J.: 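The structure under discussion is supplied below as structure tokens; questions concerning it will follow.
The model shown is predicted, which means the values in this text are computed figures rather than measured ones.
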Protein chains: 2
Amino acid sequence: MDDAGPMRRRGRRKMQAVTMSEVAAAADVSASTVSLYFRRPKSVSPPAREAIARAVAELGYVPNLVAGGLAAASSRVVSLIVPSVRNAFFAETVSALEAALAPHGLQVLLGHTEYDLAREEALVRTALAWAPAAVVLTGLEHSPDTRALLKKARVPVVEMWERGAPPVDMGVGFDHGAVGATVARRLMARGRRRLAFCGARMQEDRRAAQRASGFAAAARAEGIEAAILNHPGPADPQAGALLLDRALRELPDVDGIAASNDLVAMGALFEAQRRSLPVPDRLALVGFGDLPFAAACVPPLTTIRPAGDLVGREVARLVLARMRGEPVLERAVDTGFVLVERVSG
Amino acid sequence: MDDAGPMRRRGRRKMQAVTMSEVAAAADVSASTVSLYFRRPKSVSPPAREAIARAVAELGYVPNLVAGGLAAASSRVVSLIVPSVRNAFFAETVSALEAALAPHGLQVLLGHTEYDLAREEALVRTALAWAPAAVVLTGLEHSPDTRALLKKARVPVVEMWERGAPPVDMGVGFDHGAVGATVARRLMARGRRRLAFCGARMQEDRRAAQRASGFAAAARAEGIEAAILNHPGPADPQAGALLLDRALRELPDVDGIAASNDLVAMGALFEAQRRSLPVPDRLALVGFGDLPFAAACVPPLTTIRPAGDLVGREVARLVLARMRGEPVLERAVDTGFVLVERVSG
DNA sequence: TCGCATCATCACAGCGCTACGATCGGGGAC
DNA sequence: GTCCCCGATCGTAGCGCTGTGATGATGCGA
């Protein structure tokens, strides 16, 4: 019998080839020093630093962030939850946030709610299971359980793209009601009196609904009763064409239209063109988003630019400040928006 | 002296309130059984299952995926690396992939290369530090170190959105050269003989360059020397306007144009409109992408639909098959593309 | 010369979970 | 009645790293 020892080595899959202690051995220092080298390089003496750097390069060592996250009780991940990245606004924010976080060694864990609060709750639950450095979500409306989950977890939370109600923790966004009001006043200032707001999927997209209410309220302030039209399907040019058709039937002399989105505005613009309604003379049209094609349209689209990338950068700033332990005084940052005055309205 | 024990408890931050062993205690089973309950519920007897479910609900237990990932030597994360989600094609793929993966408890860790191979390498390095269930990246071109890193790590790798060279592991995409050829043949079949390909950022966007070469090759096969024009800036409508201007100056009788992207095509379309060049009679125009506005343009844009969501779903299928240990025979899946015949070209 | 900071380095006990292998009963098969 | 197999359950040793406190080594003023 060659029963070599008292206990057989238990079979266990190894995670990786090179570990920190192997690097330590190669560099002739302890594992703690290697760990320190990665976390606070300045606390390691230059000779040791050099030896470790050499060993890392030679062995091709890649630190295991999963183990690190477990030991440190917090992982270098920021969980980002948006309705959908197919929406250009959120794509811009995701991109800007990732770009701002990457230099600090933070990764983005992405989830899509598709405007479903139950799905959001499930996403928050799994997000928290990663012990993330921060959780970033869209909007201020969440299920009660989601709020409870977020409050219980002692993690920085940023709610973005909306402003109004107090955030769970921090907020970055702008006032969608003010956007609607700005558009209404723009149209009225140009002499429009028969106003309509054409939105898509407003039963789900609460921010679009806020723009609609802000629009109607500003109109009412000048004694105008604006129509609000909603298309239940996706916010695309087809919806815009359909909505213009409806607007023209319900309000034949409509002369000013706000669209919930540039794609919708574009659809309305083309539909007007097909019907030979001159834009902006007969019908003024204002969009939302300032998407890449807005300036190129004929006529160029007047629209609202929401600074989606600024939202991403501000979120990153707050998250990083919190991680560094700096006090964050501003509970809610207003990123504002700009009325881009072009020709259509 | 109330030195209670021989060794003081070392100060250490706890990661979470409720752990698996607390659930086990509450359900009156061992921690192993609770773990089994989450991983293979059917292997746990119904009474135990019920007791555990109750304890989980009562305590509000959320499993710690970081600890799980460390113990299992693999985390339930798929690392996804794309040039940019601001690009609608990739946004669609990211969205479809996330949707297909989420029901299986897999999260998406997102990174943007911005078309930079060095940045891609850094992203792959951090991605691997998460011991991901799979790594998904864009295109077949990578730095030698990136390829080495991916090969050494025993992880499923999927390269997407391109087809041609053999993939590191698995591939999902379509032939961009064939796209270019299809567009060229379409234009020639409609009697066009003066052809140009208008692309943007082709020094970086290798797939756009492949479409251009395929276009030129198919034209040459019929004795036509197509012009290839490149705009170094981003692929937006402004680039399209600029490129049409250049095309008209370099090739005054140009009658057929392929654009590297629907946004570029749209810019060219509007520019043609401004110059009163009838589309498609004087100038036929074909885009790429079938973005939401393509059908709404006036005239509706003939374009290529690349099935970005199918790419995402197929990637998910391969990743899941690999994780289940099923043999994946197809090294490279062709998702194809469709010529959407509308009016512009 | 001694005492006391200061700095670099180290040892080690976990972080919470999974996977292996062992244990324990309760049926069939013979 | 005995044996064996199989399903359910459990005990335990890590997974690779970090953070704390301890240990030397060094410098400096008194």
J.: What are the two closest non-hydrogen atoms of A/Asn64 and A/Ala67, and how far apart are they?
T.: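 Taking every non-hydrogen atom into account, OD1-N, 3.1 Å.
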J.: In this structure, how many angstroms lie between the P atom of C/dA11 and the CE atom of A/Met20, rounded?
T.: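 For the pair A/Met20 CE and C/dA11 P, the rounded distance is 15 Å.
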J.: Between B/Trp130 and B/Ser79, does any side-chain donor sit less than 3.5 Å from a side-chain acceptor?
T.: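 On atom types as modelled, these side chains do not qualify, holding no pair under 3.5 Å.
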J.: If you take all heavy atoms of B/Leu320 and B/Ala100, which pair is closest and at what distance?
T.: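 Nearest heavy atoms, B/Leu320 then B/Ala100: CD1-O, 4.3 Å.
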J.: Looking at side-chain heavy atoms only, is the closest gap between A/Leu128 and A/Lys152 below 4.5 Å?
T.: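 A/Leu128 vs A/Lys152: side chains apart.
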J.: Taking A/Asp169 as the fixed residue, which of A/Lys151, A/Arg322, A/Arg147 is the one that meets the salt bridge (charged side-chain N to carboxylate O under 4.0 Å, His left out) rule?
T.: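 Among A/Lys151, A/Arg322, A/Arg147, the one meeting salt bridge (charged side-chain N to carboxylate O under 4.0 Å, His left out) with A/Asp169 is A/Arg322.
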J.: In residues 22-40 of chain A, which residues come under 4.0 Å of DNA chain D by heavy atom?
T.: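 A/Ser32, A/Ser35, A/Arg39 - these, ordered by number, are the residues of the stretch whose heavy atoms sit under 4.0 Å from the strand.
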J.: How many Å lie between CG on B/Leu65 and P on C/dC17, as a whole number?
T.: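 These atoms are roughly 9 Å apart.
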J.: Using side-chain heavy atoms (C-beta onward) and a distance below 4.5 Å, is A/Arg317 in contact with A/Val333?
T.: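 Side chain of A/Arg317 against side chain of A/Val333, heavy atoms only: contact under 4.5 Å found.
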J.: Evaluate the ring planes of A/Trp161 and A/Phe90, with Trp represented by its six-membered ring, and classify them as parallel (under 30°), tilted (30 to 60°) or perpendicular (over 60°).
T.: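 Rings of A/Trp161 and A/Phe90: perpendicular, over 60°.
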J.: State whether a side-chain donor-acceptor pair under 3.5 Å links B/Thr33 with B/Ser30.
T.: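 Yes, B/Ser30 and B/Thr33 have a side-chain donor paired with an acceptor closer than 3.5 Å.
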J.: Enumerate the residues from residues 45-62 of chain B whose closest heavy atom to DNA chain D is under 4.0 Å, giving them by residue number; use none for an empty result.
T.: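 B/Ser45, B/Ala48 - these, ordered by number, are the residues of the stretch whose heavy atoms sit under 4.0 Å from the strand.
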J.: Side chain to side chain contact (heavy atoms under 4.5 Å, CB included) with A/Leu137: which of A/Val82, A/Leu80, A/Leu150, A/Val158?
T.: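 That would be A/Leu150; it is the only one of A/Val82, A/Leu80, A/Leu150, A/Val158 passing the side chain to side chain contact (heavy atoms under 4.5 Å, CB included) with A/Leu137.
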J.: Given side chains that start at C-beta, do those of A/Glu114 and A/Arg86 come closer than 4.5 Å, heavy atoms only?
T.: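 Touching, per the 4.5 Å side-chain cut-off.
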J.: C/dC17 C1' sits how many Å from A/Trp130 CH2, rounded?
T.: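 Interatomic distance, CH2 of A/Trp130 to C1' of C/dC17: 12 Å.
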J.: Report, one pair per line, the protein and nucleotides 23-28 of chain C atoms (nitrogen or oxygen only) whose separation is under 3.5 Å.
T.:
none

J.: Using whole Å, what does the distance between atom C1' of nucleotide D/dG16 and atom CG of A/Leu70 come to?
T.: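 That distance rounds to 9 Å.
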J.: Check whether any side-chain heavy atom of A/Tyr37 sits under 4.5 Å from a side-chain heavy atom of A/Val29, and report yes or no.
T.: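 Sidechains of A/Val29 and A/Tyr37: no contact.
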J.: Could you tell me the separation between the NZ atom of B/Lys42 and the P atom of D/dA8, rounded to a whole number of Å?
T.: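 My rounded result for the distance is 12 Å.
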J.: What is the distance from CG of B/Asn64 to C1' of C/dG16, rounded to the nearest Å?
T.: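 Going from B/Asn64 (CG) to C/dG16 (C1'), I get 6 Å.
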